[in-house]
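Working notes, beginning with the structure itself.
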Number of protein chains: 2
Amino acid sequence: MSNNEKFYKSEVDFLRDYNPDDFEKLSLTTDILIFSVSSDTQRNYRKLPKKHFSVLLVKRGTYPFKNKWCLPGGFVGIKENLEEAARRILLNETNIDNVYLEQLYTFGQVDRDPRMRIVSTSYMALVDQKKLKGNLSENAAWFDITITEKGSNMKVALKSDQEKMEFVVEKKLKDESSFNYSYIVVENERLAFDHPLVISTGIDRLRNKIEYTDVVFNMMPEYFTLGELQLVYETILGERLLAPAFRRVIKDKVEKTDMIKKGGGHRPSVLYKYKSDH
Amino acid sequence: MSNNEKFYKSEVDFLRDYNPDDFEKLSLTTDILIFSVSSDTQRNYRKLPKKHFSVLLVKRGTYPFKNKWCLPGGFVGIKENLEEAARRILLNETNIDNVYLEQLYTFGQVDRDPRMRIVSTSYMALVDQKKLKGNLSENAAWFDITITEKGSNMKVALKSDQEKMEFVVEKKLKDESSFNYSYIVVENERLAFDHPLVISTGIDRLRNKIEYTDVVFNMMPEYFTLGELQLVYETILGERLLAPAFRRVIKDKVEKTDMIKKGGGHRPSVLYKYKSDH
DNA sequence: CTAATAGTGTCTATTAGACAGTATGTT
DNA sequence: AACATACTGTCTAATAGACACTATTAG
């Protein structure tokens, strides 16, 4: 009997059917990374309001990580699907529903929670911030994100009306032959758990997906100008784009309306809406 | 006190710190989707051996799903990281190590295991099949994959030396504005659990990643001809590629050696190897 | 010689980048 | 008038697709 045969006859099937002490049950949570793009209040009547890429954080009231900020999250019920749990928590904490949500990654480092073993499946939500306004709890706040990359390090500065904080993660290739990497937290004072990793992973995912999908329209109001849309792309990608090229690429995804946005100290702009059938 | 304030003061923090009955612990497993590309034994001295995209499955010896096939997998230890668990199981069941491995997706449907609530984080491994040969257990077998897509349905035919089976899944968009979709199993006789979903998700991921990363080289031997490499791409993508275009795109990723592969009834071919620094 | 793959050259079509130039609002 | 954005046209560069053509082996 070979070593492998022995294994298959015992361990695989064994593990499927039994639950020995080594494999005791663990807790599963879900954390929701809610991204949106917010606008500055307009200072100069000529200029377009500056846009900020932002994330919703919640201040913890109890230990561990008391007074630190974290992503909204909670335990997955024993009879609850993962995405259902994420939507329940999202609805409870932000009062919104029917939002774009996708599974991001499952974080399972043994020591990621100081209390006990907790594995967390994170979800990424993309919202139009106006749908939430006025409903935020005292403990929740939007933080504008500013990303600075130097070498393999990424510094993420977070700024709300009240607070400023930042963390630094290092992007580390796990495999030289692919874009398979993970992040390591280099600096972090104010964020709870391994949430810097979740945020970094989400930024990465969004920056990728914005290039080949239409997810960005989940962060837009129903009607928008192409200038505003371009600003959102620029804000998320962290780079300037050339308007003619942007318009060429985006033109099949949007539909002109007969509405026009006036009021800026410049030529008025046609309002567009998302065209899903193309 | 607003509804939201009430919520934040209670539920978020409550859930973090307590473990009420509704949120009892659950079992976490990992399933490993092992892909490789195998070659037919050569029948015509002129023709290149045909290549097959294949997956490693294990036959279950016990209930539930007795005598059905499944992906190798097992429970995650309470003090074991997710990827560590995947590597442990991979090593035990296939006797290989140092293999390309990436987290694929976490499947958590409440009813995915008939015994109890089990959430599974799947990993995808890419291997060169020659490294495994001779070590396979009786219960394990490579299945060649043939994919037929019609409309939103994908039929996956699996064929080993001994057995043939197939399943059909439907690709369903979850969000009209993105490529965020999930699969639904339409037909499945012989595969255990929700493993048709895992396989479909993995095929998708691999087909995507092969276009913008170098993952494919994890499935290649150290030295290979460009014709063989092209065949692997064609096998995984399920479409023919034009040789001049393929060579143009691939040329920066490979390095010519001074070795030559002779023996076919045709012009000999230069052997290349992967060049990671480009 | 033949069948089969190896490998190159080149034309064309498509897409991306760059920039100039015109248009039209508000103050 | 001045500024700021809206919007278009066009040149160029880079990339992808198609196909013809040459090279070289085993049998």
Side-chain angles (χ1 to χ4, degrees), chain A residues 39-51 208 210-212 220 223-235 237-273 278, chain B residues 37 39-51 207-208 210-212 220 223-235 237-273 278:
Chain A
S39 296
D40 264 352
T41 46
Q42 207 166 338
R43 288 185 206 153
N44 179 330
Y45 80 94
R46 285 191 187 284
K47 292 216 171 186
L48 282 181
K50 202 177 166 192
K51 293 205 180 287
N208 264 311
I210 204 178
E211 303 270 20
Y212 67 94
M220 300 297 296
Y223 302 106
F224 48 83
T225 70
L226 294 187
E228 286 164 353
L229 184 60
Q230 183 176 338
L231 257 183
V232 171
Y233 269 87
E234 290 174 341
T235 301
L237 294 174
E239 60 181 357
R240 300 304 312 275
L241 304 175
L242 291 169
F246 179 77
R247 278 158 190 264
R248 251 188 330 234
V249 170
I250 214 74
K251 71 171 185 298
D252 290 335
K253 300 184 174 184
V254 294
E255 203 179 323
K256 208 178 221 170
T257 71
D258 49 8
M259 288 177 283
I260 285 175
K261 186 177 185 180
K262 295 189 179 190
H266 50 75
R267 178 172 168 179
S269 178
V270 172
L271 283 165
Y272 286 76
K273 63 177 184 179
H278 62 272
Chain B
V37 174
S39 296
D40 264 351
T41 46
Q42 206 167 338
R43 288 184 206 157
N44 180 330
Y45 82 96
R46 285 190 187 285
K47 293 213 171 186
L48 282 180
K50 202 178 165 191
K51 293 206 180 286
R207 282 184 166 178
N208 265 312
I210 205 178
E211 304 268 20
Y212 68 94
M220 299 299 294
Y223 302 105
F224 49 83
T225 71
L226 294 186
E228 288 164 351
L229 184 60
Q230 185 178 336
L231 258 181
V232 171
Y233 270 88
E234 290 175 341
T235 301
L237 294 175
E239 60 181 358
R240 301 303 312 275
L241 304 174
L242 292 170
F246 179 77
R247 280 160 187 262
R248 254 190 325 235
V249 169
I250 213 74
K251 70 172 188 298
D252 290 335
K253 300 185 174 183
V254 294
E255 202 177 325
K256 210 178 222 169
T257 71
D258 49 10
M259 289 176 282
I260 286 175
K261 187 178 186 180
K262 294 190 180 191
H266 50 76
R267 178 172 169 179
S269 178
V270 173
L271 284 165
Y272 286 76
K273 63 176 185 179
H278 62 269

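Quick note on labels: first sequence line is chain A, next is B, and so on, each numbered from 1.
- Atom NZ in B:Lys256 sits 12.0 Å away from atom CG in B:Leu271 (nearest 0.5 Å).
- In summary, contact between chain B and DNA chain D, defined as any nucleotide atom under 4.0 Å from a heavy atom of the protein, begins and ends at D:dA16 to D:dG27 in the 5' to 3' direction.
- Residue-level contact check: A:Lys47 touches the backbone only, with heavy atoms under 4.0 Å from sugar-phosphate atoms and none from bases.
- Where A:Tyr45 and B:Arg46 each meet DNA chain C at their nearest nucleotide, the meeting point lying more 5' is that of B:Arg46.
- Atom C1' of nucleotide C:dA6 and atom CZ of B:Phe224 are separated by 16 Å, given to the nearest angstrom.
- Taking OG1 of A:Thr225 as the start and CG of A:Leu229 as the end, the distance is 8.0 Å to the nearest 0.5 Å.
- Within the structure, every pair that satisfies the side-chain hydrogen bond (donor to acceptor under 3.5 Å, both in side chains) test and touches residues 258-273 of chain A, not counting sequence neighbours, is listed here: A:Glu228-A:Lys261.
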Quiz prompt | Where protein sits on nucleotides 16-24 of chain C, one letter per nucleotide: B base, S sugar-phosphate only, - none, heavy atoms under 4.0 Å | solution = BBBB---BB
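- Across every strand in view, C:dT24 sits in a pair with D:dA4 that passes the Watson-Crick or G-U test at under 3.5 angstrom.
- Counting to the nearest Å, the P atom of C:dT5 and the CZ atom of B:Arg247 are 13 Å from each other.
- Each of B:Leu48 and A:Gly263 was assigned the nucleotide of DNA chain C with the nearest heavy atom; the assignment lying further toward the 5' end belongs to B:Leu48.
- Counting heavy atoms from C-beta outward, A:Phe224 and A:Val254 have side chains that approach closer than 4.5 Å.
- Annotation: B:Lys51, atom NZ; neighbour count of heavy atoms from other residues, nucleotides and ligands within 6.0 Å is above 12.
- Note that CG of A:Leu48 is 10.5 Å distant from CD of A:Gln230, once rounded to the nearest 0.5 Å.
- Under the rule for a side-chain hydrogen bond (donor to acceptor under 3.5 Å, both in side chains), the partners of A:Asp40 that lie at least two apart in sequence or sit in another chain are A:His52.
- For B:Asn208, the side-chain hydrogen bond (donor to acceptor under 3.5 Å, both in side chains) criterion is met by no residue, not counting sequence neighbours.
- Among the protein residues, B:Leu226 comes within range of no part of the nucleic acid, since none of its heavy atoms lies under 4.0 Å from any strand.
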Which atom pairs, one a donor and one an acceptor, fall under 3.5 Å between side chains of residues 239-248 of chain B and the rest of the protein, sequence neighbours left out?
unit_1: B:Arg240; atom_1: NE; unit_2: B:Glu234; atom_2: OE1; d: 3.4
unit_1: B:Arg240; atom_1: NE; unit_2: B:Glu234; atom_2: OE2; d: 3.4

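- A:Glu211 places its CD atom 14 Å from the C1' atom of C:dT15, with the value rounded to the nearest Å.
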